[in-house]
Amino acid sequence: MSLREELLAQEYDERTKPRGFVYFTDTDGQVVAKTCRKCRELKHSKNYHYKSDGFGQLGPYCRACVSVRDRDYYIKNRERVKQVKNAYYHRKRSEQLSFNLFGDNE
Ligand SMILES: [Zn+2]
């Protein structure tokens, strides 16, 4: 059973917005599930992070999409950190070499 069928069976209200955005609310009007803005999948509200000004007080992207984004950020960041470290290493190394050269000449 898909989440949509499950929610319909539990008599949650299905609501649609433009551009294929679907969400479900309970009798209090609380959002129980909505479409992720990135992967476009209908997901239960527990799959979203809390966001006070978000739709249904939920972030626009599901946890899976958020973690992919975070991982991408980390990977990019790590590359940059590595480059910075590398530049430092090479600078230190050449300093060390010239120091050794100087030492040998003495
Ligand atoms: Zn998603």
Side-chain angles (χ1 to χ4, degrees):
M1 203 195 248
S2 72
L3 177 61
R4 182 175 176 270
E5 288 168 326
E6 230 172 89
L7 292 165
L8 288 172
Q10 288 166 53
E11 298 189 330
Y12 286 121
D13 291 325
E14 183 181 36
R15 294 162 195 273
T16 52
K17 282 182 128 187
R19 295 188 297 276
F21 186 88
V22 178
Y23 65 102
F24 283 81
T25 54
D26 65 13
T27 46
D28 298 327
Q30 200 68 23
V31 175
V32 291
K34 67 172 188 168
T35 311
C36 169
R37 205 187 279 171
K38 194 170 168 78
C39 66
R40 301 255 158 214
E41 273 182 55
L42 177 70
K43 296 202 176 183
H44 200 276
S45 61
K46 67 172 186 269
N47 290 305
Y48 293 88
H49 293 283
Y50 174 79
K51 192 171 183 288
S52 60
D53 60 345
F55 182 80
Q57 296 200 319
L58 303 167
Y61 310 118
C62 71
R63 283 172 191 272
C65 288
V66 167
S67 73
V68 165
R69 197 189 57 188
D70 285 356
R71 201 177 57 213
D72 281 354
Y73 176 78
Y74 172 73
I75 287 166
K76 278 176 196 142
N77 222 40
R78 193 180 54 184
E79 284 303 312
R80 206 171 62 216
V81 166
K82 222 155 66 180
Q83 279 167 11
V84 168
K85 270 189 180 170
N86 232 1
Y88 178 78
Y89 168 78
H90 283 292
R91 200 177 64 231
K92 276 283 152 196
R93 193 163 170 268
S94 58
E95 276 173 16
Q96 196 65 38
L97 283 175
S98 59
F99 176 76
N100 287 344
L101 221 60
F102 181 71
D104 286 345
N105 288 341
E106 249 188 344

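Predicted model, so just to flag it, every value in this text is computed and none were measured. If you read the sequence from its start, that first residue is 1, and numbering goes on from there. In each ligand, atom 1 is the first atom listed, and ligand 1 is the first ligand listed.
Heavy-atom contacts from other residues, nucleotides or ligands closer than 6.0 Å to CD of Glu95 number more than 12.
From Phe24, atom CZ reaches atom NE2 of His44 across 11.0 Å, with rounding to the nearest 0.5 Å. Note: Arg4 CZ to Thr35 OG1 = 10.5 Å, rounded to the nearest 0.5 Å. Note that the CG atom of Leu58 and the CG atom of Asp53 stand 11.5 Å from one another [nearest 0.5 Å].
Note on residues 68-84: pairs passing side-chain hydrogen bond (donor to acceptor under 3.5 Å, both in side chains), not counting sequence neighbours, are Asn77-Arg80, Glu79-Lys82.
Each protein N/O/S atom under 2.8 Å from the Zn ion (ligand 1) was counted, for a total of 4.
For the pair Lys34 and Phe55, the cation-pi criterion (under 6.0 Å, within 45° of the ring axis) is not fulfilled.
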